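Reading through the structure tokens given below for one structure.
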Amino acid sequence: MGKPTRWVTETGPDHSRWYVDRFRQLAAEGADLAGEARLLDAMVPPGARILDAGCGTGRVGAALADRGHTVVGVDADPVLVEAARADHPGPTWLVADLAELDLPGEPFDAAVVAGNVMAFVAPGTERDVLRRIAAHLRPDGVLVVGFGTGRGYPLADFDADASAAGLRREHRFATWDLRPWRGDADFAVTVLRRPAD
């Protein structure tokens with residue numbers, strides 16, 4: 001692993017366990033935890049290969065697998081990956097640093113970065129994270145990234161990092177259910193594509 005992520009440096013030692021318990025409780029209460037997966041599912045062909053980058057407890061990747069996709073989830077936090085493996089057997093769940101991501105096998109049709117992952121990667125690695133994810137996409141593959149706009153990673157920086165990673169911005173929305181983008185939105189969902197040429 002490279003530099004420590006903000007997930008480690010900006011939260012307490014019990015944060016990961018709290019996070020696991022929180023999402024297990026939300027699932028038990030019947031909360032809708034699949035909004036990101038619905039969006040991705042609508043953007044890819046049936047049986048797509050999808051990278052869940054920063055998979056956390058596996059909720060997004062599991063929902064995509066339930067829709068018939070082949071999913072590989074990656075997170076730097078072993079506690080979260082352990083919970084994903086326990087709660088959602090089926091997809092492949094791996095512990096790895098997104099800034100150094102190097103997975104064997106076929107490229108992915110799509111990747112999703114949900115749950116404010118970009119705000120929790122190690123400071124200064126955002127561009128490397130986007131580069132490594134882009135390198136795992138097939139030409140014309142899509143990457144959808146969502147994070148809060150007030151979390152210390154300005155959208156202008158994100159856009160510059162995505163462009164430097166060779167990704168082209170196609171759309172931006174204010175929510176995962178595609179509410180229109182507006183400049184004062186507190187959340188951004190950006191659709192990027194690795195160009196085919």
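A quick note: this is a predicted structure, and the numbers were derived from the prediction, not measured.
Here the closest heavy-atom approach between residue R182 and residue A174 is recorded as NH1-CB, 4.0 Å. In plain terms, the two heavy atoms of T190 and R172 that are nearest each other are OG1-NE, 2.9 Å. Of all the heavy atoms in V95 and P78, the pair that sits closest is CG2-CA, 3.9 Å. Taking every heavy atom of both residues into account, C55 and D75 meet most closely at N-OD2, 3.4 Å. Smallest separation of non-hydrogen atoms from R151 and F120: NH1-CZ, 3.8 Å. The shortest non-hydrogen separation linking P89 to A86 is CD-O, 4.1 Å.
Residues L155 and W181 are in side-chain contact: their nearest non-hydrogen atoms beyond the backbone lie under 4.5 Å apart. Between L130 and L143 there is a side-chain heavy-atom pair separated by less than 4.5 Å. Taking the side chain as every heavy atom from C-beta outward, I50 and D52 never approach each other to under 4.5 Å. F187 has its side chain within reach of N116: a pair of non-hydrogen atoms, C-beta onward, lies under 4.5 Å apart. Contact annotation: the side chain of L51 approaches that of L101 to within less than 4.5 Å [non-hydrogen atoms, C-beta and beyond]. For the pair W176/V144, a side-chain contact is recorded, criterion being any heavy-atom separation below 4.5 Å from C-beta on. With contacts defined as side-chain heavy-atom distances shorter than 4.5 Å, the pair R169/V191 does not qualify.
Considering CZ of R132 and CD of E100, their distance stands at 9.5 Å, rounded to 0.5 Å. Distance check, rounded to the nearest 0.5 Å: CE of M43 to NE2 of H171 gives 6.5 Å. Taking CG of D161 as the start and CG of L167 as the end, the distance is 10.5 Å to the nearest 0.5 Å.
Taken together through direct or relayed side-chain contacts under 4.5 Å among Ile, Leu, Val, Met, Phe, Trp and Tyr, V44 and L178 form part of one hydrophobic cluster. When the side chains of ILVMFWY residues are joined at heavy-atom separations under 4.5 Å, either directly or via intervening members, L103 and V121 end up in a single hydrophobic cluster. Follow the hydrophobic side-chain contacts under 4.5 Å out from V72 and you reach L137 in the same cluster.
Residue pairs satisfying the side chain to side chain donor-acceptor pair (under 3.5 Å) criterion with at least one member in residues 31-40, sequence neighbours excluded, are listed as follows: D32-R38, E36-R59.
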Could you please spell out the steps behind the salt bridge (Lys or Arg N to Asp or Glu O under 4.0 Å) verdict for D77 and R17?
-> CA-CA 11 Å; D77 188 325; R17 182 55 49 204; over 6 Å; no
Run the numbers on L80 and Y19 for side-chain contact (heavy atoms from CB on, under 4.5 Å), then give the verdict.
-> CA-CA 8 Å; L80 301 185; Y19 189 81; 3.7 Å; yes
How far apart are the C-alpha atoms of L39 and V112, what are their side-chain angles, what is the distance that settles it, and do they pass the side-chain contact (heavy atoms from CB on, under 4.5 Å) test?
-> CA-CA 10 Å; L39 175 57; V112 59; over 6 Å; no
Kindly determine whether R168 and L192 satisfy side-chain contact (heavy atoms from CB on, under 4.5 Å), including the steps that lead there.
-> CA-CA 5 Å; R168 184 180 67 236; L192 304 162; over 6 Å; no
Take M118 and V145 through the side-chain contact (heavy atoms from CB on, under 4.5 Å) test and state the conclusion after the steps.
-> CA-CA 8 Å; M118 292 305 298; V145 181; 3.7 Å; yes
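T57 places no side-chain N or O within 3.5 Å of a backbone atom of R24 that could act as its donor or acceptor partner. Side-chain atoms of D109 come within 3.5 Å of backbone N or O of R49 as a donor-acceptor pair. Not a single donor-acceptor pair under 3.5 Å links the side chain of E29 to the backbone N or O of A27. The main-chain N or O of V129 is never found under 3.5 Å from a side-chain atom of T125 such that the two would form a donor-acceptor pair.
Residues satisfying the salt bridge (charged side-chain N to carboxylate O under 4.0 Å, His left out) criterion with D157, sequence neighbours excluded, are absent altogether. Applying the ring-ring contact (aromatic ring centres under 6.0 Å, His included) test to F147 and every residue at least two apart in sequence or in another chain returns Y153, F158. Judged as a ring-ring contact (aromatic ring centres under 6.0 Å, His included), and not counting sequence neighbours, the contacts of W18 are H15. The salt bridge (charged side-chain N to carboxylate O under 4.0 Å, His left out) test applied to E82 returns no partner, not counting sequence neighbours.
The side-chain tip of R85 does not point at the ring of W93 from less than 6.0 angstrom away and within 45° of straight on.
Here R194 does not pair with D140 in a salt bridge; the nearest charged N to carboxylate O distance is not below 4.0 Å.
For the side-chain contact (heavy atoms from CB on, under 4.5 Å) test with V74, the passing option among L98, T92, I133 is L98; the others fail.
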Could you list the donor-acceptor pairs under 3.5 angstrom formed by side chains in residues 62-71, with sequence neighbours left out?
unit_1, atom_1, unit_2, atom_2, d
R67, NH1, A63, O, 3.0
H69, ND1, A48, N, 3.0
H69, NE2, D41, OD1, 2.6

